[in-house]
Peer 1: 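Sharing a structure with you now.
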Amino acid sequence: MDEKYFPEKVEEKWQKHWEATGAFEVEADTSRPKFYCLEMLPYPSGFLHMGHVRNYTIGDALAWYKRLQGFNVLHPIGWDSFGQPAEQAAIKRNIQPREWTEENIAHMRGQFKRLGISFDWRRETAAHTPQYYKWDQWFFLRMLERGLVYRRTAPVNWCPKEETVLSNEQSSGGVCWRCGAVVEKKNLEQWFVRTTQYAEQLLGDMREIEAGWPERVLTMQRNWIGASTGAYIDFPVKDHEEKIRVFTTRIDTIYGANALVLAPEHPVLEKLLEGSTQQKEVIQFAERVRAARSQAKPGEDEVKEGVNTGLIAVNPFSDESLPVWVANYVLIDYGAGAVMSVPAHDQRDFEFAQKHTLPIKQVIAPITHEKEPSNFAPQLGVDQSVEMQQAMTDYGVLVNSSEWSGKLSQDAIAAMAEYAEKHGFGGGAVTYRLRDWGISRQRFWGAPIPIVYCDKCGIVPVPEKDLPVVLPERAEFSGTGQSPLAGVPEFVNTTCPKCNEPARRDTDTMDTFVDSSWYFFRYCDPQNGDAPFDPEKAAYWTPVDQYIGGIEHAVMHLLYTRFWCKMMRDMGLVKFNEPVKNLLTQGMVTNIVEGTNEWKAMSKSLGNGVDPDEMVAAYGADAVRLFVMFAAPPENELRWLETGIEGAVRFLRRVYNLVWRWREQIQTAPQSAPSDEDLTIAERALRRATHRTIARVTDDFERLHFNTSIAALMELLNTLSDFTAQTTSATEPSGNEKSELPDVMVFRAPDENASAGTLFAVREALEAMVLMLAPMAPHAAEELWEALGHQGGILSKQGDRAKWPQADKELSRKEELEIPVQINGKLRGRIRATPDASEEFLRSAALSDEKVRVWMEGRDVIKVIVVPQRLVNIVVK
RNA sequence: GCCGGGGUGGUGUAAUUGGCAGCCACGCAGGUCUUAGAAGCCUGUGCCGCAAGGCGUGCGGGUUCGAGUCCCGCCCCCGGCACCA
C-alpha cells in the first residue's frame with residue numbers, strides 16, 4: 001500500500017490479480033445458492049458511453065454484493081453484434097462488417113476491463129459468430145416444425161432509410177426504433193413468428209413477475225398486447241353463402257347498427273363482389289386508401305371515407321337489413337377486420353355517418369338518478385342524426401332494442417353474447433392488439449434464414465446437419481432495397497436438400513432481436529456444439545434473478561424474450577414461464593447542453609457527451625463508478641456533474657488515508673470483541689455506528705437503493721474520522737513529512753497507547769466499511785482489504801475469502817434516544833431516554849421537562865400521546 | 001383522449017408502519033494553512049426575522065393528537081399508446 005491513493009496503479013494491480021486468479025469465473029454448483037445477475041448486452045458500436053457505464057456498474061455492484069453474501073454469482077457479458085450500423089460502416093469506410101464489428105468488440109472489451117467490471121470472460125459470446133447464430137437457425141427450424149414460424153404476404157412496416165422491414169414493435173408510433181424515420185407500408189412476402197399464439201400467456205403470466213418488474217414496463221406490455229373483451233357476430237349477407245364476421249365490445253348497441261363497415265383490404269370482398277357493378281369502385285377505393293396511407297404521417301387521422309358495396313347484410317338480432325360499406329377507418333389486422341357501425345354510440349361511426357348522411361339511432365339511454373331503469377319510458381325517434389352532436393359512448397340502459405330494452409349495458413353485454421352463441425351466430429371473444437413478429441430483414445449483417453426455394457419442392461428447410469448456413473465473408477452494399485445477400489451468387493445458388501436440383505437460398509436475414517431473445521441461456525453453456533445449451537446447466541442458473549437495462553426495450557426485447565422462453569418451455573428446454581424474475585430499468589445519463597440550461601441525454605449531435613475513458617484516466621474507475629451509483633437512484637435520470645466525481649474521489653481518499661493511518665496498529669487488536677464494560681462510551685458508540693451502518697447498507701442493497709447505501713458509508717466515515725480525531729494525540733506532524741508530500745493530507749499518528757477497545761472498534765469499522773465499499777469501488781476495496789492484513793484478495797479461493805459483514809442486532813440499536821416532545825403537534829422540547837423506556841416514563845419525563853412546561857403554563861392537558869422510541873405529543877387547551 | 005409514473009432547499013437527493021421534514025453529497029459563504037493559489041481541514045448554509053418566534057414538501061379541502069406519507073377535487077411535468085371497434 002502506498003501512502004497516497006493512486007487510482008491508476010491500484011486499479012491496474014487488482015485487474016491483473018482478478019484475471020490471474022479467475023476471481024469471477026464460476027461453474028454450476030448445486031450445493032450452493034446461485035444468483036444470475038445480467039445486464040442487457042451491448043451493441044458493439046465502438047465505444048462505451050456513460051449509459052453503459054451506469055448499466056454495468058449497477059449490475060457489477062449487485063454481483064459483488066451477492067458474491068460476498070455467499071452466492072454463486074453468474075455475471076456474464078456478450079455482444080449484440082449483428083445489425084444495421086455495421087453495414088453503414090461498411091459502405092462509409094469500405095470495410096467489411098465483420099472486421100468493423102470485431103475491432104469494436106476488441107476496443108470495448110478493453111474499456112470494460114479498465115472499468116473493472118467483474119465478468120466471467122470465459123463465457124463471452126457474440127451473435128455474429130457462426131457458433132452462435134447456428135442456434136438462431138436451429139430455433140427457426142424447430143419453430144417451423146411447430147407451426148410457430150410461417151411465411152405470408154402482408155403489408156409490413158418499411159423503413160425507407162434503412163431499407164428493411166421492421167416489426168410492429170420496432171415501428172411503434174409510426175417511426176423506426178433505430179433511426180427515427182417515418183415508416184411506410186409495403187406489401188411483401190415475409191417470415192413471421194406466431195407471437196400471437198402466446199398473447200394470452202404473455203398477458204396472464206405477468207402475474208408471476210408483477211412483484212419484480214417496474215409497473216411502467218408491465219403497463220407498456222399490457223397496452224401493447226392490448227386484450228379487449230367483447231363478442232363476435234356473424235352477419236349473413238343476402239344472396240350469398242359467405243357471412244361477415246365483426247368484433248365488438250358493445251354488443252349491447254347492436255340494435256343501433258346502421259351498417260357493416262369492412263376494411264378495404266378485407267379478403268371476403270373478392271368473393272362477395274364477384275361480378276358486381278360495385279367491384280371496380282371498391283378496388284379503386286382500396287387503392288386510394290393504400291396510396292394515402294403510405295404517405296401519411298404518424299399521428300395524423302385520415303378523414304373518414306368509404307364506399308357502399310351494394311351488398312346487404314342482415315342483423316341477426318333484429319333481422320334488419322344493413323348496407324355493407326368499405327371504409328378507411330376500419331383496420332384489417334385488428335379484430336375481424338370488420339365492424340358493425342353504431343353511430344349513436346361510437347364516435348368514429350358517428351363521424352362516418354355524418355359524412356355519408358347515414359341514419360343514427362339511439363339505443364342506449366344514460367342512467368340518471370331521477371329515472372330508474374324499470375320505469376324509464378323512451379320517447380325516442382328512430383333517427384337522431386339531427387339532434388345528436390356526438391356519440392354517447394357511456395354504458396346505460398338499452399332502449400329501442402326489442403326484448404332487450406330496459407336492461408343495463410353490463411348485463412346485456414353478457415346476455416346477448418350468450419344468446420348469439422346459443423343461436424350459432426356469434427359468442428364471447430377476446431381479441432388482441434398484438435400482431436405476429438415479422439423477422440425477415442433485407443439486410444446482410446444478420447443470421448441467414450435457413451430456407452431454400454426449389455422450383456420443384458417449394459419451400460424447403462435446410463436440414464439441421466447442414467447448419468449453420470454461413471454468412472459469406474463479403475458482399476456489395478449498394479442500398480438497392482434488396483438484401484445484399486441476393487448479390488452473392490455463391491451464397492444464393494445451392495441445391496435443394498430434397499431433390500438435389502439447383503435451388504436458391506432465402507436472402508433475408510433474421511431480425512437481431514432473435515439473437516437477443518435467448519442469449520442469456522447460451523451464457524450458461526457457451527461452448528456447446530450440440531445444442532443451444534444444456535438444459536441441465538440452464539436449469540441451475542436460470543431464470544435470471546436480476547436483469548438491468550434501459551427502458552427502451554420495455555416492449556421489444558422484453559416481450560420477445562418472454563415469448564421465446566414460453567416457446568422453449570413448450571419444446572422442453574426450460575421448465576418455467578418467465579425468464580426474468582426481477583427487472584431494473586435504469587434512467588438516462590444526461591448532461592447540460594452548452595449554452596442552455598437544459599439537461600439532455602448525452603449525444604454526439606448535442607456535443608454534451610462525456611467520454612468514460614477520459615473520466616477513468618482523470619479520476620479512476622472506482623470514483624467514476626462510485627459517483628454514478630451515488631448521484632441518483634438507479635431508475636432516475638442521472639445528471640452528470642464533474643464536481644460530483646471530485647466528491648467521490650475525495651471520499652475514497654479519506655477512506656484510504658484512514659486505513660493507511662491505522663493499518664499497523666490494528667494488527668494488534670484483540671480477535672474477539674471486548675465486553676461493553678471494557679469499552680469507553682466513544683468506543684461503544686463507534687461500534688454501534690458500525691453495526692447500524694451494516695444494517696442500513698444491507699437493507700439498501702436488498703432494495704437496490706445504492707445511493708443511500710453510499711450515504712450511509714459516508715456517515716460512517718465521518719463518525720470514524722471524528723473518533724480518530726478524538727483518540728489522536730495533539731502533536732503536529734514533523735516538518736519533513738510535510739515538505740516531502742506537500743499535496744497530501746498529513747495525518748498525525750494515532751495514539752500509540754490506543755486501548756484494545758479502540759483498536760477493536762476501529763478495525764471492526766474499517767473492515768466493514770471496506771467490504772461494503774467493494775461493490776462500488778472494488779479496486780480500492782481490494783487494496784484496503786489487503787492493507788488491513790488479508791491475503792489473496794477479497795474473493796480469495798483459499799480460506800480467507802471475505803464475507804459480507806453481519807449486523808449485530810443488539811448493537812445496531814441505539815443506546816440512547818432523543819425523543820421529541822410536541823405540544824399540539826409542534827416541537828417544543830426533547831427528552832433523553834433508552835430505547836426500552838416505558839410509556840409511563842416518557843410521559844412523566846415529557847411533562848416535567850422545563851422547556852415543555854413553559855409552553856403548558858396556564859393551559860389544561862387534555863391528552864398525552866406517547867409513541868415509544870418515537871415521540872410524545874401533549875394536547876393542551 | 002386513455003393508461004402509467006412523478007412534483008420536497010440554489011442542485012442531485014433522503015425520510016420501514018402516518019410520528020423531529022431536508023440524511024449524504026454538490027454548490028455557496030466564512031475561517032484555518034500558505035508569500036499567493038490549489039488541495040486539505042474546521043464552521044455555517046430551507047425561507048422570513050436582530051431575536052423570540054413564525055412559515056415551509058405543486059394548489060385547495062378533508063381525516064387524525066399528529067400528514068411529504070392516507071382520502072376528495074384541481075394544476076403542472078415526464079413516459080407509453082392512440083381510428084384497436
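All heavy atoms count here, side chains included; hydrogens, waters and symmetry mates do not. Letters A, B, ... are given to chains in the order of the sequence lines, protein chains preceding strands, and every chain is numbered from 1.
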Peer 1: Assess whether a salt bridge exists between A:Arg250 and A:Asp252, defined as any Lys/Arg side-chain N lying under 4.0 Å from an Asp/Glu carboxylate O.
Peer 2: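 Judged by the 4.0 Å cut-off on N to carboxylate O distance, A:Arg250 and A:Asp252 do form a salt bridge.
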Peer 1: Tell me whether B:G31 sits syn or anti, counting syn as a glycosidic angle within 90° of 0.
Peer 2: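 It is anti.
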Peer 1: So, A:Phe627 versus A:Trp640, ring centres under 6.0 angstrom or not?
Peer 2: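 For A:Phe627 and A:Trp640, the ring centres are under 6.0 Å apart.
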Peer 1: Less than 4.0 angstrom between a side-chain N/O of A:Arg653 and OP1 or OP2 of B:A39, yes or no?
Peer 2: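 So the side-chain polar atoms of A:Arg653 never come under 4.0 Å of the phosphate oxygens OP1 or OP2 of B:A39.
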Peer 1: Suppose you measure atom P in B:C48 against the same atom in B:C2; what distance do you get, rounded to whole Å?
Peer 2: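 Comparing P positions in B:C48 and B:C2 gives a spacing of 42 Å.
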Peer 1: Does A:Arg433 come within less than 4.0 Å of A:Glu169, counting only side-chain N to carboxylate O?
Peer 2: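 Salt bridge flag = no for A:Glu169 with A:Arg433.
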Peer 1: Starting the side chain at C-beta, find the nucleotide from B:G53, B:C3, B:G12 nearest to A:Ala632.
Peer 2: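 Output: B:G12.
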Peer 1: Touch check for A:Val330, heavy atoms < 4.0 angstrom, all strands: base, sugar-phosphate only, or nothing?
Peer 2: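 Base, at least one base heavy atom under 4.0 Å.
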Peer 1: Quick one, A:Arg870 with A:Glu818, criterion salt bridge (Lys or Arg N to Asp or Glu O under 4.0 Å). Give me CA distance, side-chain angles, the key distance, then yes/no.
Peer 2: CA-CA 9 Å; A:Arg870 276 283 152 82; A:Glu818 267 197 348; over 6 Å; no
Peer 1: Would you tell me if any nitrogen or oxygen in the side chain of A:Arg650 comes within less than 4.0 Å of OP1 or OP2 on B:C26?
Peer 2: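 For A:Arg650, the contact criterion (side-chain N or O under 4.0 Å from OP1 or OP2 of B:C26) is met.
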Peer 1: Looking for any heavy atom pair under 4.0 Å, which part of the strands does A:Asn824 touch: base, sugar-phosphate only, or nothing?
Peer 2: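 Answer is nothing: A:Asn824 stays at 4.0 Å or more from every strand.
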Peer 1: Determine the interatomic distance between C1' on B:A21 and the same-named atom on B:A15; round to the nearest Å.
Peer 2: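 Each nucleotide's C1' atom is 7 Å from the other's.
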Peer 1: Using the P atom as the point on both nucleotides, what is the distance between B:C55 and B:A67, in whole Å?
Peer 2: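 It comes out at 13 Å once rounded to the nearest Å.
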Peer 1: Answer with base, sugar-phosphate or nothing: what part of the nucleic acid does A:Lys877 contact at a heavy-atom distance below 4.0 Å?
Peer 2: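 A:Lys877: no heavy atom of the nucleic acid under 4.0 Å.
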Peer 1: Return yes when atom CD of A:Gln347 has more than 12 non-hydrogen atoms of other residues, nucleotides or ligands closer than 6.0 Å, and no otherwise.
Peer 2: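 Yes - once you tally the heavy atoms of other residues, nucleotides and ligands closer than 6.0 Å, there are more than 12.
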Peer 1: Can you tell me the distance, in whole Å, between the CG atom of A:Leu871 and the P atom of B:G18?
Peer 2: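 It works out to 15 Å between those atoms.
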Peer 1: Please pick, from B:C55, B:G80, B:C20, the nucleotide with the shortest atom-to-atom distance to any side-chain atom of A:Leu827.
Peer 2: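 Selected nucleotide: B:C20.
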Peer 1: For residues A:Phe425 and A:Phe317, establish whether the separation of their ring centroids is below 6.0 Å.
Peer 2: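 Distance test on ring centres: under 6.0 Å, yes.
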Peer 1: Could you tell me how far B:C65 sits from B:G18 if I compare only their C1' atoms? Round to whole Å.
Peer 2: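 That atom pair is separated by 12 Å.
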Peer 1: Less than 4.0 Å between a side-chain N and a carboxylate O, is that true for A:Arg639 and A:Glu637?
Peer 2: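 A salt bridge links A:Glu637 with A:Arg639.
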Peer 1: Base, sugar-phosphate or nothing for A:Asp333? Non-hydrogen atoms, less than 4.0 Å.
Peer 2: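 No contact.
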Peer 1: Where each residue is assigned the nucleotide of RNA chain B containing its nearest heavy atom, which of A:Arg216 and A:Arg830 is assigned the position nearer the 5′ end?
Peer 2: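 The residue whose closest nucleotide sits nearer the 5' end is A:Arg830.
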Peer 1: Does anything in residues 695-713 of chain A reach RNA chain B, meaning a heavy atom under 4.0 Å, and if so which residues?
Peer 2: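 Correct list: A:Asn707, A:Thr708, A:Ala711.
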Peer 1: Select one nucleotide: of B:C65, B:A85, B:G5, the one nearest the side-chain heavy atoms of A:Ile865.
Peer 2: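 Among B:C65, B:A85, B:G5, the one nearest the side chain of A:Ile865 is B:C65.
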Peer 1: So which nucleotide from B:C65, B:G12, B:G19 ends up closest to the side chain of A:Val867?
Peer 2: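 Nearest to the side-chain atoms of A:Val867, counting from C-beta on, is B:G19.
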Peer 1: Is the ring pair A:Tyr329/A:Phe352 parallel, tilted or perpendicular, if the boundaries are 30 and 60 degrees?
Peer 2: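 Aromatic pair A:Tyr329/A:Phe352 classed tilted.
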Peer 1: Can you check the distance between B:G49 and B:G53, where both ends of the measurement are the C1' atom (answer in whole Å)?
Peer 2: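 Pairwise C1' distance, B:G49 against B:G53, rounds to 8 Å.
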Peer 1: Side chain of A:Glu215, heavy atoms from C-beta onward: which of B:G4, B:G40, B:C20 has the nearest atom to it?
Peer 2: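 Closest nucleotide among those given: B:G4.
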Peer 1: Would you measure the distance from the C1' atom in B:G61 across to the matching atom in B:C26 and give it in whole Å?
Peer 2: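 To the nearest whole Å, 38 Å.
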Peer 1: Which dot-bracket notation, 5' to 3', represents the base pairing of RNA chain B when pairs are defined as Watson-Crick or G-U with both distances under 3.5 Å, crossing pairs as [ ], and inter-strand pairs as |?
Peer 2: (((((((..(((......[....)))((((((.......))))))(((....)))..(((((..]....))))))))))))....
Peer 1: Identify which nucleotide among B:U17, B:A25, B:C3 has an atom closest to any side-chain atom of A:Asn718, counting heavy atoms from C-beta outward.
Peer 2: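 Nearest to the side-chain atoms of A:Asn718, counting from C-beta on, is B:A25.
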Peer 1: Base, sugar-phosphate, or nothing: which does A:Pro633 touch, judged by heavy atoms less than 4.0 Å apart?
Peer 2: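 The answer is sugar-phosphate, as A:Pro633 gets under 4.0 Å only of primed atoms, P, OP1 or OP2.
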Peer 1: What is the separation between atom CG on A:Leu717 and atom P on B:C24, rounded to the nearest whole Å?
Peer 2: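 Atom CG in A:Leu717 sits about 12 Å away from atom P in B:C24.
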Peer 1: Choosing from B:C81, B:A25, B:A85, which nucleotide comes nearest the side chain of A:Tyr334?
Peer 2: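 The answer is B:A85, which lies nearest to the side chain.
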Peer 1: Between A:Asp333 and A:Arg435, is there a side-chain N and carboxylate O pair less than 4.0 Å apart?
Peer 2: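 Judged by the 4.0 Å cut-off on N to carboxylate O distance, A:Asp333 and A:Arg435 do form a salt bridge.
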Peer 1: Under 4.0 Å between a side-chain N/O of A:Arg654 and OP1 or OP2 of B:C41, yes or no?
Peer 2: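 Looking at the OP1 and OP2 atoms of B:C41, one of them is under 4.0 Å from a side-chain N or O of A:Arg654.
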Peer 1: Expressed in angstrom and rounded to an integer, what is the separation of A:Leu331 atom CG from B:C81 atom C1'?
Peer 2: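 Roughly 14 Å, once rounded to whole Å.
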Peer 1: Rounded to the Å, how far apart are A:Ile233 CD1 and B:A85 P?
Peer 2: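 It works out to 14 Å between those atoms.
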Peer 1: Which listed nucleotide (B:G27, B:G5, B:C81) is nearest to the side chain of A:Trp224?
Peer 2: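 Of the options given, the side chain of A:Trp224 lies nearest B:C81.
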Peer 1: Between A:Arg853 and A:Asp849 (salt bridge meaning N to carboxylate O under 4.0 Å), is one present in this structure?
Peer 2: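 Salt bridge: no.
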Peer 1: Taking CG from A:Asp346 and C1' from B:C2, how many angstroms apart are they, rounded to a whole number?
Peer 2: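 Rounding to the nearest Å, CG of A:Asp346 and C1' of B:C2 are 15 Å apart.
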Peer 1: Give the rounded distance in Å between these two atoms: CD1 of A:Ile551 and P of B:G6.
Peer 2: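 Those two atoms, CD1 and P, are 13 Å apart.
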Peer 1: Which one, B:G66, B:G4, B:C24, comes nearest to the side chain of A:Asn873?
Peer 2: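 When the side chain of A:Asn873 is considered, B:G66 is the closest of B:G66, B:G4, B:C24.
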Peer 1: Give one of base, sugar-phosphate or nothing for A:Gly226, where a contact means two heavy atoms less than 4.0 Å apart.
Peer 2: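 Counting heavy atoms under 4.0 Å across all strands, no contact is made by A:Gly226.
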Peer 1: Heavy atoms only, 4.0 Å cut-off, all strands: where does A:Glu646 land among base, sugar-phosphate and nothing?
Peer 2: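 A:Glu646: no heavy atom of the nucleic acid under 4.0 Å.
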Peer 1: Within this structure, what is the CE-to-P distance between A:Met220 and B:C3, rounded to whole angstrom?
Peer 2: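 Taking atom P of B:C3 as the reference, CE of A:Met220 is at 17 Å.
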Peer 1: So, is A:Lys826 near the phosphate of B:C55, with a side-chain N or O under 4.0 Å from OP1 or OP2?
Peer 2: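 Yes, A:Lys826 has a side-chain N/O under 4.0 Å of OP1/OP2 on B:C55.
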Peer 1: For B:C33 versus B:G40, give the span between their C1' atoms, rounded off to a whole number of Å.
Peer 2: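 Here B:C33 and B:G40 have their C1' atoms 9 Å from each other.
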Peer 1: Cationic tip of A:Arg245 within the cone over A:Tyr232's six-membered ring, i.e. under 6.0 Å and within 45° of the normal?
Peer 2: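 Yes - A:Arg245 lies over the ring of A:Tyr232, closer than 6.0 Å to its centre and within 45° of its axis.
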Peer 1: Could you walk me through whether A:Asn718 and A:Arg654 pass the side-chain hydrogen bond (donor to acceptor under 3.5 Å, both in side chains) test, one step at a time?
Peer 2: CA-CA 9 Å; A:Asn718 291 343; A:Arg654 285 178 65 203; 3.1 Å; yes
Peer 1: Closest to the A:Val339 side chain: B:G80, B:G4, B:A85?
Peer 2: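 Selected nucleotide: B:A85.
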Peer 1: Could you tell me whether A:Lys877 and A:Asp860 make a salt bridge, using a distance below 4.0 angstrom between a side-chain N and a carboxylate O?
Peer 2: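 No, this pair does not count.
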Peer 1: Could you give the distance separating B:G68 and B:U8 at their C1' atoms, to the nearest angstrom?
Peer 2: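 Rounded to whole Å, the distance is 7 Å.
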Peer 1: Could you tell me the separation between the CH2 atom of A:Trp855 and the P atom of B:A52, rounded to a whole number of Å?
Peer 2: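 About 11 Å, once rounded to whole Å.
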